[in-house]
Each structure stands twice: as C-alpha cells, then as structure tokens.
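Reading through the structure tokens given below for one structure.
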Amino acid sequence: MAENSNALEWRRSRFCGNQSCVEVAFSANSVLIRDGKHPDAAHLKFDPDDWRAFIAILTTGRA
C-alpha cells in the first residue's frame with residue numbers, strides 16, 4: 001500500500017455515536033475505507049472516479 005494510513009485524515013459520519021462505523025480517508029489518488037473498530041486492519045482502496053460513481057448511485061438510487 002502506497003499511502004501511510006496513519007498520516008491520513010480519517011472521517012466518519014457525524015451520526016456515528018461510537019467506534020462501530022466505517023471511516024473514509026482521501027489521498028491524492030485514492031479513497032480509502034476502513035472499519036472504525038479495527039483501524040489497523042486492512043482497508044479498501046477505490047479509484048476516485050469509482051468512488052464518485054458509487055456515491056452518485058447511493059444518492060440517486062439509480063445504477
């Protein structure tokens with residue numbers, strides 16, 4: 001993994017009341033997702049264009 005995940009700014013929803021949420025971080029060329037309960041475990045890495053398409057599907061309800 002090229003990014004140092006500890007150096008990134010990880011964010012979670014403001015509606016998350018505890019550590020049981022996914023966290024998202026943005027780097028120069030990827031979007032990273034991790035489990036807030038296990039921040040040192042493996043995480044998912046997405047291309048920014050794929051992430052934008054995913055969010056568009058979530059917000060519009062259409063694929």
Side-chain angles (χ1 to χ4, degrees):
M1 146 184 11
E3 292 88 4
N4 177 357
S5 65
N6 293 325
L8 297 170
E9 180 181 347
W10 290 92
R11 300 176 183 196
R12 69 174 69 131
S13 170
R14 62 185 165 174
F15 299 108
C16 180
N18 56 35
Q19 297 290 340
S20 299
C21 298
V22 296
E23 298 176 332
V24 179
F26 300 92
S27 71
N29 57 1
S30 61
V31 179
L32 303 159
I33 310 295
R34 71 179 182 185
D35 182 346
K37 295 183 307 274
H38 306 285
D40 295 325
H43 54 265
L44 301 173
K45 182 176 178 180
F46 294 92
D47 176 82
D49 291 333
D50 293 337
W51 180 253
R52 280 190 287 278
F54 172 69
I55 295 300
I57 290 169
L58 290 179
T59 57
T60 65
R62 294 190 296 254

Residues in side-chain hydrogen bond (donor to acceptor under 3.5 Å, both in side chains) with R11, at least two apart? none

Which heavy atom of C21 sits nearest to which heavy atom of R12, and what is that distance? CB-CD, 4.3 Å

Nearest heavy-atom pair of W10 and E23: which atoms, and what distance?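 It is CZ3-O, 3.6 Å.
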
Which residues pass the side-chain contact (heavy atoms from CB on, under 4.5 Å) test with D50, not counting sequence neighbours?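 So D50 forms a side-chain contact (heavy atoms from CB on, under 4.5 Å) with D47.
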
With sequence neighbours left out, write down each residue that passes side-chain contact (heavy atoms from CB on, under 4.5 Å) with F26, or none if nothing qualifies.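 Counting only residues at least two positions away or on another chain, F26 forms a side-chain contact (heavy atoms from CB on, under 4.5 Å) with V24, V31, W51.
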
Working to the nearest 0.5 Å, report the span between NE2 of H43 and CG of L8.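 It is 7.5 Å, given to the nearest 0.5 Å.
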
Step by step, would you call K45 with L32 a side-chain contact (heavy atoms from CB on, under 4.5 Å)? CA-CA 5 Å; K45 182 176 178 180; L32 303 159; 3.7 Å; yes

